[in-house]
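Written out below as structure tokens is the structure these notes cover.
Residue numbers start from 1 in every chain, and the chains themselves are labelled A, B, ... in the order their sequence lines are given, proteins ahead of strands. Predicted model, so just to flag it, every value in this text is computed and none were measured.
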Amino acid sequence: MLDIKLIREQPEWVKQQLARAGGDTTSVDTVLALDEQRRVLLRDVEALKAERNTVSKEISKMQDAAEREARIIAMRSVGDRIAAMDREVADVEERQRLAMLEIRNLPYADVPDGVDETGNVVVAQEGEPRDLGFPARPHWELAEALGIIDFERGVKLAGTRFYVLQGLGAKLQRALIQWLLDLHVEQGYREVYTPFIVKEHCMWGAGQLPKFSDNLYRDPDAGFWLVPTAEVPLTNLYADEILEASQLPVNLCAYTPCFRREQMSAGRDVRGIKRGHQFDKVEMYKFVAPTTSYTELETLREHAEATCRLLGIPFRTKLLCTGDTGFASTKTYDLELWAPGQQEWLEVSSCSNVEAFQARRANVRYRPEPGARPEYVHTLNGSGLGVPRTMIAIMENFQQADGSIRIPDVLQPYMNGHEVIR
RNA sequence: GGAGGGGUGGCCGAGCGGUUGAUGGCAGUUGUCUUGAAAACAACCAGGUGAUGAGCCUCGUGGGUUCGAAUCCCACCCCCUCCGCCA
């Protein structure tokens, strides 16, 4: 959610920034109109309430019964008018709130203009796609031949976009998760284990609702929602709390499964494990003081890049253009690992600064100085990393001519002595 | 699932229709005293809106009763205890 004061004071600039990101600007006018309406109503109803408060106090002190009775009768209609106007205010406020929730975040000044992913800019690359010396095979062929992924039985259990990992395939995934968490702890993050199911308000707080309802799994009877990313529980961890400045930055990392309906991507990426309804991810998350959030974004990006570097897989980093930057984000870097089997760069991490966009929704604040007014924190999130796609990159980059897969050095300590899957 | 108890400011905890947005304690900030610290004493110390003012709003949430609600009524949410069932 944007700052209503910013919209009030610089509506044209806000619209201009939204337009840069291809966002809808009509909501801004809706918000402004409702805001004006609300302020007029408030002025009137507050004057009435002030009168009621004053007179009520007078009544409590009156000795003369007749005079008192007369005053009470005179005040009767005031209460009704206040109640009616309060309902009107609540209605306007609710409509304003809903309009606010529809407005995406504004792109940061140095984000390049662009309409879609073709406008993204590669800002770093380490390693070159290498020649394996034999024709690279896609991971689904390798994994099936090695018996580490069972696609057919996954489909039998849960339908398309599900698979079963087994043997060293399952172990490799577990090793990867554990290594990622250990690495992030070393990088200064506190490991947390959260619920994978949350209440609806968490989805609003993290910005999944109202816009992305179609992509979420839920239990309507219980009011539960399955998390599409650890970002959701992590954002809400300090909801409605005021942190001390000395606590910041709060750096968290968490492993969670992620559940996504992928209705919008029907027919895309159906082969292999690139896009499932359930996938694992290790996420990094930061609560920081506003003035530091852009340097923290660079730190976050470095931490994510370190995972790729240590795995020994070629990767590149893209700065997303305005049109490809997500709804909640002001600035996003995507990290891509090279996958020789499919001859493509695979997005395995997205590192974003969302400034106060989520903090405002989830009401996460901090106190800049002892005794000072609380302010919203800035939050950042970055995958470190998405597990299945990293698995793809490992399988395809470390495949050998005989179809076996070498285990990356950093993961070997987590593989009980296994150096190769054959 | 059954029975009962409870949700008040950073924490604990009083108040149960009228100068109570809220007694008191702890924690915190500042000052006095002290070479310094501790102790003692004094002042300040919830959030939102708004201009760091006035006013208005907030005692789990939403309705209702009333001139007036933290206090009474209704619904919902959450927490705790005991019993049952289960990992």
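A search for side chain to side chain contact (heavy atoms under 4.5 Å, CB included) contacts involving A:I197 returns A:F224, A:L226, not counting sequence neighbours. Contacts of A:E244 classified as side chain to side chain contact (heavy atoms under 4.5 Å, CB included), with partners at least two apart in sequence or in another chain: A:S246, A:Q247, A:R367. Residues meeting the side-chain hydrogen bond (donor to acceptor under 3.5 Å, both in side chains) test with A:D240, sequence neighbours left out: A:N363. The side chain to side chain contact (heavy atoms under 4.5 Å, CB included) search around A:A362 returns A:T235, A:N236, A:A239, A:V364, not counting sequence neighbours. Legend: residues meeting salt bridge (Lys or Arg N to Asp or Glu O under 4.0 Å) with A:K211, ordered by chain and number and at least two apart, are A:E102.
Distance A:R8 CZ to B:rA51 C1': 13 Å, rounded to the nearest Å. Rounded to an integer number of Å, the gap from CG of A:L41 to P of B:rC57 is 16 Å. Whole-Å rounding puts the A:L48 CG to B:rC67 C1' distance at 14 Å. Across the protein-nucleic acid pair, A:E244 atom CD and B:rC11 atom P stand 12 Å apart, rounded to whole Å. Rounded to whole Å, atom P of B:rG48 lies 15 Å from atom CZ of A:R38. Counting to the nearest Å, the C1' atom of B:rG48 and the CD atom of A:E241 are 18 Å from each other. A:D86 places its CG atom 11 Å from the P atom of B:rA69, with the value rounded to the nearest Å. Distance CZ (A:R365) to P (B:rG10): 9 Å, rounded to an integer number of Å.
Projected onto RNA chain B by closest heavy-atom contact, A:I4 and A:M75 fall at different nucleotides, the more 5' of which corresponds to A:I4. Map A:V78 and A:L42 each onto its nearest nucleotide of RNA chain B; the residue landing nearer the 5' end is A:L42.
Spacing of C1' atoms, B:rG13 relative to B:rU34, comes out at 35 Å, to the nearest Å. Across the P atoms, B:rG21 and B:rA38 are found 37 Å apart, a figure rounded to whole Å. Comparing the P positions of B:rA3 and B:rC76 gives an interatomic distance of 14 Å, to the nearest angstrom. B:rA14 and B:rU23 have their C1' atoms separated by 6 Å, with the value rounded to a whole Å. Comparing the P positions of B:rU8 and B:rC80 gives an interatomic distance of 14 Å, to the nearest angstrom. Rounded to whole Å, the P atom of B:rC59 lies 11 Å from the corresponding atom of B:rA69. When the P atom is used for both B:rA40 and B:rC79, the distance is 40 Å, rounded to whole Å. B:rU61 and B:rA27: their P atoms are spaced 29 Å apart (whole Å).
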(message) Evaluate A:E12 against A:Q17 for side chain to side chain contact (heavy atoms under 4.5 Å, CB included), listing each step before the verdict.
(response) CA-CA 9 Å; A:E12 290 313 313; A:Q17 294 308 307; over 6 Å; no
Name the pairs: protein N/O against N/O of nucleotides 54-56 of chain B, kept only if under 3.5 Å.
{"residue": "B:rG55", "atom": "N2", "partner": "A:E46", "partner atom": "OE1", "Å": "2.7"}
{"residue": "B:rC56", "atom": "OP1", "partner": "A:N53", "partner atom": "ND2", "Å": "2.9"}

Atom pairs under 3.5 Å, N or O on each side, protein against nucleotides 75-78 of chain B: can you list them with distances?
{"residue": "B:rC78", "atom": "OP1", "partner": "A:K199", "partner atom": "NZ", "Å": "2.8"}

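The closest donor-acceptor contact from the side chain of A:Q208 to the backbone of A:M203 lies at 3.5 Å or more, if one exists at all.
Ring to ring, A:H378 and A:F287 are not that close: their centroids are 6.0 angstrom or more apart.
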List the atom pairs, with distances to 0.1 Å, where a side-chain N or O of residues 409-422 of chain A and a protein N or O form a donor-acceptor pair under 3.5 Å, not counting sequence neighbours.
{"residue": "A:Q412", "atom": "NE2", "partner": "A:I407", "partner atom": "O", "Å": "2.9"}
{"residue": "A:Y414", "atom": "OH", "partner": "A:D182", "partner atom": "OD2", "Å": "2.7"}

May I have the list of side-chain donor-acceptor pairs in residues 69-87 of chain A shorter than 3.5 Å, sequence neighbours left out?
{"residue": "A:R71", "atom": "NH2", "partner": "A:E58", "partner atom": "OE1", "Å": "3.2"}
{"residue": "A:D86", "atom": "OD1", "partner": "A:K49", "partner atom": "NZ", "Å": "3.0"}
{"residue": "A:D86", "atom": "OD2", "partner": "A:K49", "partner atom": "NZ", "Å": "3.3"}

Compile the donor-acceptor pairs under 3.5 Å between side chains in residues 250-264 of chain A and protein atoms, sequence neighbours left out, one pair per line.
{"residue": "A:N251", "atom": "OD1", "partner": "A:K286", "partner atom": "NZ", "Å": "3.0"}
{"residue": "A:Y255", "atom": "OH", "partner": "A:D280", "partner atom": "OD2", "Å": "2.8"}
{"residue": "A:R260", "atom": "NE", "partner": "A:P228", "partner atom": "O", "Å": "2.9"}
{"residue": "A:R260", "atom": "NH2", "partner": "A:P228", "partner atom": "O", "Å": "3.0"}
{"residue": "A:R261", "atom": "NH2", "partner": "A:Q263", "partner atom": "OE1", "Å": "3.4"}
{"residue": "A:E262", "atom": "OE1", "partner": "A:S265", "partner atom": "OG", "Å": "2.7"}
{"residue": "A:E262", "atom": "OE1", "partner": "A:R275", "partner atom": "NH1", "Å": "3.4"}

(request) Both distances under 3.5 Å, Watson-Crick or G-U wobble: on that basis, could you give the dot-bracket string for RNA chain B, with [ ] for crossing pairs and | for other-strand partners? (result) ((((((((.[[[..)..(.....]]].(((((.......))))).((((.....)))).[[[[[..)....]]]]])))))))....
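Within the 4.5 Å cutoff, the side chain of A:V354 has heavy atoms near those of the A:N381 side chain.
A cation-pi arrangement, defined by a distance under 6.0 Å to the six-membered ring centre and an angle within 45 degrees of its axis, is present between A:R301 and A:Y333.
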(request) Any chance you could list the contact pattern along nucleotides 59-66 of chain B? Use B for base contacts, S for sugar-phosphate-only contacts and - for none, protein heavy atoms under 4.0 Å, 5' to 3'. (result) -----S--
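No contact: A:R360 has no heavy atom under 4.0 Å from any strand.
An OP1 or OP2 oxygen of B:rG47 is reached within less than 4.0 angstrom by a side-chain nitrogen or oxygen of A:R367.
Using a 30° and 60° split on the angle between ring planes, A:Y294 and A:Y108 fall in the parallel class, below 30°.
Paired with A:K318 under the rule salt bridge (charged side-chain N to carboxylate O under 4.0 Å, His left out), one option of A:E347, A:E336, A:E305 passes, and it is A:E336.
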